Amino acid sequence: MNSIFEATRHALALIGGGDPELVRIVLLSLKVSLSAVFCAALLGLPLGAAIAVGRFPGRHALIVLLNALMGLPPVVVGLAVYLLLSRAGPLGEAGLLFTPGAMVIAQTVLILPIIAALSRQAVEDAWREYEEQLRSLGAQGLDAALTLLWDIRFSLLTAVLAGLGRASAEVGAVMIVGGNIDGVTRVMTTAIALETSKGDLPLALGLGLVLILIVILLNTGAFLIKETAERRSG
Amino acid sequence: MASILPLRLHELSFKVNGRRIIDRVSLAIESGASTVILGANGAGKSVLMRLMHGLLVPSGGRIEWGSEDPRRLRRAQAMVFQQPVMLRRSAIANVVYALACAGVQRAEREVRALNALDSVRLRALAHRQARTLSVGEQQRVALARAWALNPEVLFLDEPTASLDPGATREIERVIRAIAAAGAKVVMSTHNLGQAKRLGGEILFLHEGRLAERAPVDRFFAEPASAEAEAFIRGELPWT
């Protein structure tokens, strides 16, 4: 018990004192995960919307696949991206392996299905409700799509935040493609794994607390946005 | 400008999975008094309206309007659905959106939207979020949205089916006002009282077929078809 209290006290001191190593790791984590979310949203939102309103052969299979991929194991994604980026791999030339860029790619792959699947569901539900009215008003193509997306913007934000939650919490993918190199590719989750195995519990715990805090903040934000939106615009 | 009416249907059919929902319906809708499409649930009223409005593509037969310009045809019609579909924005913004879709000049939109909301007695709620209004009020916004477009033909698909008597009365008042202002109202209902109150002529649908067509007084006084007679007898105790 004592060691837990001791570690927690140390961890709080590190956080309170703005320990430079801790700050660096936290900032890199945020940078990697936010970049991945940005890329995944850029690809995933239009993809989800297209699958929602499009009618093409294999659509149902694609939806099932997308839903299944939401539970993609991070280590498997890490391995796949590792093989792609390794020197002998098809993208080896780029020399991205063991850089933050590789981590962004791996996390993008990991959360793309989450954002695409959730936005597909949101757009499809909304389209079912709005389609006839929008067609009756003469809103077509891109106009209708933009109206729809704007109207369900809060549901889409939830999809994006779900992706961010997943990206910031995973360890397997970034560990494999980033290599957990001190000062280069070390992020919160990989650092926690390493420090724990080294026995440096205060740093691991401090990072763990920051990570939990960030996840709670994200979810609080998502909840508040949705609540406010529903109260205001129904 | 020449009217888009009359609307002529020739042997119009609509099938879903081989089942005929609308079965070779031929009729003409002229300008003038309101047309009420009457029939039991499942008679094909909503499908017929959607075919006329162009939301569904017929499986057989033809639809002919008095005009052949597709742009003009679209802009000269509006439709109000049983469940109002409000965008997540204010009541007035919903009306303005419809005006924007119809290509109305930006400067004109706000005034026209306010006037339309005035006509349905919702001016005071113009800036409330549309989805926070009651269903009856939302349906009035939907009517204002349609009315603001100044349509020649207004389709109303059971506009009061999910409303209480008070809200229904208000909606019927608005519908009468729209008709009085010169729009051709084509409305579906299964409510005999409403058909009597609003109809100039009745189109009675039974199992996808046009069973009878008559001026409203004659339809209720001496229905010509056995189906219409049975429907009136069966429904009357409930109206």
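Here is how names work: the chains are called A, B, and so on, in the same order as the sequence lines, proteins then strands, and each is numbered from 1. Here the structure is a predicted model, which means the values were calculated and not measured.
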Count the heavy atoms belonging to other residues, nucleotides or ligands that lie under 6.0 Å from CZ of A/Phe154, then report whether that count exceeds 12.
yes
Applying a strict 4.5 Å limit to non-hydrogen atoms, the region of B/Arg50 in contact with chain A is side chain
So which of A/Leu148, A/Ile152, A/Leu134, A/Thr147 has the biggest tally of heavy-atom pairs under 4.5 Å with chain B?
A/Thr147
Checking heavy-atom separations under 4.5 Å from chain B, one finds in residues 109-130 of chain A A/Glu129, A/Tyr130
Enclosure of B/Glu68 CD (heavy-atom neighbours >12, cutoff 6.0 Å)
no
Which bit of B/Tyr97 comes within less than 4.5 Å of chain A, counting heavy atoms only: side chain, backbone, both or neither?
side chain
Could you grab the distance from atom OG of B/Ser46 to atom CD of A/Glu132, nearest 0.5 Å is fine?
9.0 Å
Does atom CZ of B/Arg20 have more than 12 heavy-atom neighbours from other groups under 6.0 Å away?
yes
Is it the case that over 12 heavy atoms from other parts of the model lie below 6.0 angstrom from the CZ atom of B/Phe14?
yes
Supply the atom-to-atom distance A/Gln133 CD to B/Asn94 CG, rounded to the nearest 0.5 angstrom.
8.5 Å
Which region of B/Leu133, side chain (C-beta onward) or backbone (N, CA, C, O), has a non-hydrogen atom less than 4.5 Å from a non-hydrogen atom of chain A, or is it both or neither?
neither
Rounded to the nearest 0.5 Å, how far does CZ of B/Arg75 lie from CG of A/Leu137?
11.5 Å
Could you grab the distance from atom CH2 of A/Trp150 to atom CZ of B/Arg88, nearest 0.5 Å is fine?
12.5 Å
Closest contact, heavy atoms only, A/Ser136 versus B/Leu55:
N-CD2, 4.0 Å
